[in-house]
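All figures in this text were calculated on a predicted structure; none of them were measured in a lab. Numbering of residues begins at 1 and proceeds along the displayed sequence.
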Amino acid sequence: QLQLVESGGGLVQPGGSLRLSCAASGFTMDYYAIGWFRQAPGKEREGVSCISSSGGNTNYADSVKGRFTMSRDNAKNTVYLQMNSLKPEDTAVYYCAAGPPPVGIPRMCVMNSLKYNYWGQGAQVTVSS
């Protein structure tokens with residue numbers, strides 16, 4: 001059974017940090033590009049970041065650039081999202097997702113949720129004082 005499981009969410013004060021993990025089971029991650037997405041109450045799901053299958057390429061939403069860092073450890077079948085300088089507007093449920101490398105640009109990744117086939121159940125991140 002293919003499964004992605006997020007962990008590391010929680011409540012943090014503005015300016016604080018959290019690290020989300022996304023562990024895969026039932027398949028090996030190293031073929032897949034991985035994306036992080038989030039959805040706040042009453043808002044549409046948005047792409048946060050993505051990392052290519054090799055880890056050589058990452059992309060970030062403008063709203064998180066310079067604050068969030070995505071990495072992967074294929075040996076551990078796990079992807080991470082380090083979130084620093086958190087703001088109240090970062091409050092959302094965060095989802096990781098796996099998808100095949102983009103056609104024609106296999107060393108890249110895209111933050112388009114339609115390109116991802118497997119999704120985790122989500123982790124709540126709340127930034128509040």
How close do [X] and [Y] get, heavy atom to heavy atom, and via which atoms?
X	Y	result
S128	P14	C-CD, 3.6 Å
A92	A40	CB-N, 3.8 Å
N117	P100	OD1-CD, 2.8 Å
Y80	D73	CE1-CB, 4.1 Å
A123	L20	CB-CD2, 4.5 Å

Are [Y] and [X] connected in a single hydrophobic cluster, I mean Ile/Leu/Val/Met/Phe/Trp/Tyr linked by side-chain heavy atoms less than 4.5 Å apart?
X	Y	result
V127	M83	yes
V79	F27	yes
M29	L2	yes
W119	W36	no
L81	V64	yes

Side-chain heavy atoms of [X] within contact of [Y], under 4.5 Å:
X	Y	answer
E89	S63	no
S17	V12	no
C50	V110	no
Y31	S53	no
Y95	S113	no
R107	S52	no
Q121	E6	yes
I34	M70	yes

**Asked** In this structure, are over 12 heavy atoms from other groups packed under 6.0 Å from E44 atom CD?
**Response** no
**Asked** Thinking salt bridges, do D90 and K87 make one under a 4.0 Å N-O criterion?
**Response**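 No.
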First locate atom [atom1] of [X], then atom [atom2] of [Y], and finally report the distance between them rounded to the nearest 0.5 Å.
X	Y	atom1	atom2	answer
T58	M108	OG1	CE	9.5 Å
N77	R72	CG	CZ	8.5 Å
C109	Y116	SG	OH	5.0 Å
T78	L4	OG1	CG	10.0 Å

**Message:** Would you call the rings of Y118 and Y32 parallel, tilted or perpendicular, taking 30° and 60° as the class edges?
**Reply:** perpendicular
**Message:** F37 vs N112, test: side-chain contact (heavy atoms from CB on, under 4.5 Å). Steps then yes/no.
**Reply:** CA-CA 9 Å; F37 298 82; N112 179 346; over 6 Å; no
**Fill in**
Tested for side-chain hydrogen bond (donor to acceptor under 3.5 Å, both in side chains) against Y94, the lone hit among Q39, Q124, R38 is R38
